[in-house]
Student: 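Right, I'll just put the structure down here and ask away after.
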Amino acid sequence: IHSMKSTGCAVVEIETSDGAVGQGFVFTLNGDRIRSFEQMIRGFAPLVEGRGVHETSAISTSIWDAINPTGHAGVTIAALSAIDMACWDA
């Protein structure tokens, strides 16, 4: 079905003020596409920085509202999921 030449993975690492670290990730077939995911994740950083990892609902809502113009599927949701996963892992 797909021609897979490589894979790509972006890791989201969140560190709390007390030193706990959580990680989330997103991957794609054909690694050249991972840059899109990385840029989307970086674009969401201001919506996450300075907030507590236990504010997962508020963080997700902020990101959900921010991606409304671009749509709630594909790269945007994958990036949101990686951040959410990192928060829950911390």
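One is the number of the first residue; the rest follow in order along the sequence. Values reported hereafter were calculated over all heavy atoms of this structure, with side chains retained and with hydrogens, waters and symmetry mates removed.
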Student: Mind listing the closest non-hydrogen atom pair of Asp32 and Arg35 along with its distance?
Tutor: O-NH2, 3.4 Å
Student: Without swapping roles, check the side chain of Gln39 against the backbone of Ser36 for a donor-acceptor pair under 3.5 Å.
Tutor: no
Student: State, with a plain yes or no, whether a side-chain heavy atom of Thr28 is found less than 4.5 Å away from one of Thr7.
Tutor: no
Student: For Leu47 versus Ala66, what's the shortest heavy-atom pair and its separation?
Tutor: CD1-CB, 3.8 Å
Student: Between Val12 and Phe25, is any pair of side-chain heavy atoms under 4.5 Å apart?
Tutor: no
Student: Indicate yes or no for a side-chain donor-acceptor contact from Thr70 to the backbone of Ile67 under 3.5 Å, with no hydrogens or angles considered.
Tutor: yes
Student: What pair of heavy atoms forms the shortest contact from Gly24 to Ala86, and how long is it?
Tutor: N-CB, 3.5 Å
Student: Taking atom CZ of Arg51 as the centre, does the number of heavy atoms from other residues, nucleotides or ligands within less than 6.0 Å exceed 12?
Tutor: yes
Student: Testing the basics here: between Ile41 and Ala10, what is the closest heavy-atom pair and its distance to 0.1 Å?
Tutor: CD1-CB, 4.3 Å
Student: Heavy atoms only: give me the nearest Asp89-Gly22 pair and the separation to one decimal.
Tutor: OD2-CA, 3.4 Å
Student: Met4 and Leu29: which non-hydrogen atoms are nearest, and at how many Å?
Tutor: SD-CD2, 3.3 Å
Student: Is a side-chain donor or acceptor of Ser6 paired with a backbone partner of Gly31 at a separation under 3.5 angstrom?
Tutor: yes
Student: Compare all side-chain heavy atoms of Ile14 with those of Val48 and state whether any distance is below 4.5 angstrom.
Tutor: yes
Student: Start with the C-alpha gap between His72 and Thr76, add the side-chain angles, then the distance that decides, and say whether side-chain contact (heavy atoms from CB on, under 4.5 Å) holds.
Tutor: CA-CA 6 Å; His72 298 100; Thr76 56; 5.5 Å; no
